[in-house]
Amino acid sequence: MLRTRFTEAFGVEHPIVQGGMQWVGRAELVAAVANAGALGFLTALTQPTPEALAKEIERTCELTDRVFGVNLTILPAINPPPYAEYRQAIVESGVLIVETAGSNPAEHVEVFHRHGIKVIHKATSVRHALKAESLGVDAVSIDGFECAGHPGEDDVPGLVLIPAAADRLSIPLIASGGIGDARGLVAALALGADAVNMGTRFLCTAESPIDERVKRQIVANDERATDLIFRTFRNTARVASNSVSRQVIEIEGRGGTFEDVRDLVAGSRGRGVYEQGDPELGIWSAGQVQGLIHDIPTCDELVTRMVGEARELIATRLAGLVLETQETTQ
Ligand SMILES: Cc1cc2nc3c(=O)[nH]c(=O)nc-3n(C[C@H](O)[C@H](O)[C@H](O)COP(=O)(O)O)c2cc1C
């Protein structure tokens with residue numbers, strides 16, 4: 001067992017989190033993560049309506065009696081989803097933890113706290129993490145440049161970003177991006193984090209509700225197999241490299257606008273990747289950690305292995321590196 005401020009504050013057995021994942025954060029995966037003793041998040045906007053989200057939360061409760069949460073990703077949009085209604089569905093469901101991501105979560109934090117719900121905000125910079133702390137969130141996840149999804153525009157990798165955040169924050173800190181095994185977990189703890197958040201690693205587990213062929217593609221991919229799209233729109237996204245991502249970059253390079261890539265990046269095509277098992281069908285999120293992923297374990301095998309190997313790493317390999325003064329001078 002590894003006990004940290006995170007495990008204590010959130011009542012979770014292991015300091016491991018499965019972050020929100022569009023089209024993937026569904027009941028089967030989140031319950032499997034919870035049953036493995038880690039903290040999983042359903043992804044609110046994967047459900048077409050707030051009513052469907054309420055049903056998905058019920059379905060998760062039927063599959064686990066352990067704690068789990070809901071991710072609410074707040075993105076700027078011309079026609080935004082009905083956030084207040086999704087939020088209300090979460091409040092009424094009895095869920096006790098929410099992960100917010102994207103824009104400033106101020107109005108949501110206030111409502112969630114009023115109903116006794118803890119909030120973890122995911123940020124990509126120290127200044128946004130401090131802002132979230134000042135809003136009263138209960139923990140911050142900090143996503144380094146390695147991460148799948150939106151790494152922000154600062155391009156600071158975890159090796160610098162995590163300790164920089166740890167130096168400034170008082171609340172529990174969750175390290176995110178590029179973590180896939182015990183070495184990443186132990187490194188994150190050494191850098192000052194209280195837990196790790198993983199997306200791509202959980203995407204490639206037995207219970208992840210995506211086609212097996214996409215999981216096999218992740219195993220085949222190495223650490224170079226990602227692309228950064230939307231850089232020119234200052235809305236960078238790290239995605240699995242494929243013919244579609246390369247086409248988007250090529251159009252951006254020619255000065256193309258979002259309109260020019262809109263069809264290529266359509267959410268329905270990305271969803272099709274997972275459902276039809278064709279990794280070339282559209283844009284799908286994956287991180288550099290693909291290079292460390294060599295199998296498709298169950299969530300229980302993954303979490304048990306990570307925690308066991310982390311213990312071993314700390315107690316044997318790292319402890320074995322420490323020489324007492326007397327030994328050194330002999
Ligand atoms: C397939 C996929 C979909 C994702 N969708 C979301 C999302 O909807 N909202 C969100 O906050 N983060 C999303 N993320 C980011 C993850 O929650 C997490 O922050 C990130 O994957 C961490 O980096 P890693 O993949 O290197 O572990 C997604 C990640 C993946 C792999």
Side-chain angles (χ1 to χ4, degrees), residues 16-26 29-30 33 38-47 53 69-75 77 81 83 86 98-103 105 108 119-124 128-129 132 139-152 157-159 161-162 174-181 184-185 187-188 193 195-205 208-211 214-215 217-218 221 223 225-226 228 235-242 245 267 270-275 279 282-293 302 306:
I16 298 177
V17 178
Q18 166 255 307
M21 285 189 274
Q22 183 65 336
W23 309 130
V24 182
R26 299 176 189 271
L29 176 63
V30 173
V33 171
L39 178 59
F41 284 97
L42 289 174
T43 310
L45 300 184
T46 291
Q47 301 303 323
L53 173 61
V70 177
N71 164 288
L72 189 63
T73 303
I74 311 141
L75 294 173
Y83 283 115
Y86 276 97
V98 163
E99 177 189 62
T100 53
S103 313
H108 303 291
V119 179
I120 299 175
H121 183 67
K122 193 159 57 188
T124 58
H128 290 146
V140 164
S141 253
I142 192 107
D143 246 341
F145 188 48
E146 307 89 332
C147 73
H150 290 277
L159 203 55
L161 190 60
I162 299 160
I174 302 165
S176 180
I179 296 159
D181 58 28
L185 169 57
V196 295
N197 177 53
M198 305 190 296
T200 308
R201 180 60 275 197
F202 278 114
L203 180 65
C204 192
T205 56
S208 164
I210 65 169
D211 193 280
V214 182
K215 298 179 192 178
Q217 184 67 54
I218 295 172
N221 282 350
E223 61 278 10
T226 70
L228 293 169
N235 184 26
T236 301
R238 187 181 293 284
V239 300
S241 180
N242 64 11
S245 64
R271 184 180 183 170
V273 168
Y274 301 132
E275 290 176 359
I283 292 294
W284 53 287
S285 297
Q288 295 179 322
V289 73
Q290 287 179 113
L292 304 177
I293 294 176
L302 174 64
M306 271 183 78

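Atoms within a ligand are numbered from 1 in the order they appear, just like the ligands themselves. Computed from heavy atoms alone, side chains included, the values below leave out hydrogens, waters and symmetry copies.
Here atom 21 (O) of ligand 1 lies nearest to Gly199 when heavy atoms of Ala44, Gly199, Ser285 are compared. For atom 15 (C) of ligand 1, the candidate residues are Ala148, Gly270, Pro151; the nearest heavy-atom contact is made by Ala148.
Looking only at distances, no side-chain donor or acceptor of Asn197 sits under 3.5 Å from a matching main-chain atom of Ile174. Thr46 contributes a side-chain N or O that, together with a main-chain N or O of Trp23, makes up a donor-acceptor pair within less than 3.5 Å. A distance-only check finds no donor-acceptor pair linking the side chain of Lys122 to the backbone of Asn71 [under 3.5 Å]. Tyr86 places a side-chain N or O within donor-acceptor distance of the main-chain N or O of Gln47, the cut-off being under 3.5 Å. Put simply, the side chain of Gln290 never gets that close to the backbone of Glu223: no donor and acceptor are under 3.5 Å apart.
Other residues, nucleotides and ligands contribute at most 12 non-hydrogen atoms within 6.0 Å of the CG atom of Leu159.
With a 4.0 Å heavy-atom cut-off, ligand 1 is reached by no atom of His150. With a 4.0 Å cut-off on non-hydrogen atoms, Leu45 does not touch ligand 1 at all. If you look at Thr73 next to ligand 1, the close heavy atoms, those under 4.0 Å, all belong to the side chain. Within the 4.0 Å heavy-atom criterion, the part of Ser176 lying near ligand 1 is the side chain and not the backbone.
Heavy-atom distances between Gly149 and ligand 1 stay at or above 4.0 Å for every pair.
Polar contact check, Gly178 against ligand 1: a nitrogen or oxygen pair lies under 3.5 Å apart. Inclusion of Glu99 in the set of residues having an N or O under 3.5 Å from an N or O of ligand 1 is not warranted. In terms of polar-atom proximity, defined here as any N/O pair under 3.5 Å, Thr43 makes no such contact with ligand 1. The shortest N or O to N or O distance between Tyr274 and ligand 1 is not under 3.5 Å. Checked by distance only, ligand 1 and Arg201 stay at 3.5 Å or farther apart across all their nitrogen or oxygen atoms. When only interatomic distances are considered, the shortest N/O to N/O separation between Asp143 and ligand 1 falls below 3.5 Å. Checked by distance only, ligand 1 and Ile179 stay at 3.5 Å or farther apart across all their nitrogen or oxygen atoms.
In this structure, the side chains of Phe202 and Ile16 come closer than 4.5 Å at one or more pairs of heavy atoms. Between Arg201 and Ile179, the closest side-chain pair of non-hydrogen atoms is not below 4.5 Å. Looking at Ile120 and Ser141, their side chains come closer than 4.5 Å, going by heavy atoms from C-beta outward. Thr43 is not listed as a side-chain neighbour of Val24, based on a closest heavy-atom distance of 4.5 Å or more.
Less than 4.0 angstrom separates some heavy atom of Met198 from each of these atoms of ligand 1: 27 (O). Numbered from 1 in the order shown, with element, the atoms of ligand 1 that lie under 4.0 Å from a heavy atom of Ala101 read 11 (O).
Remark: minimum distance from atom 6 (C) of ligand 1 to any protein heavy atom is reached at Gly20 O, 3.1 Å.
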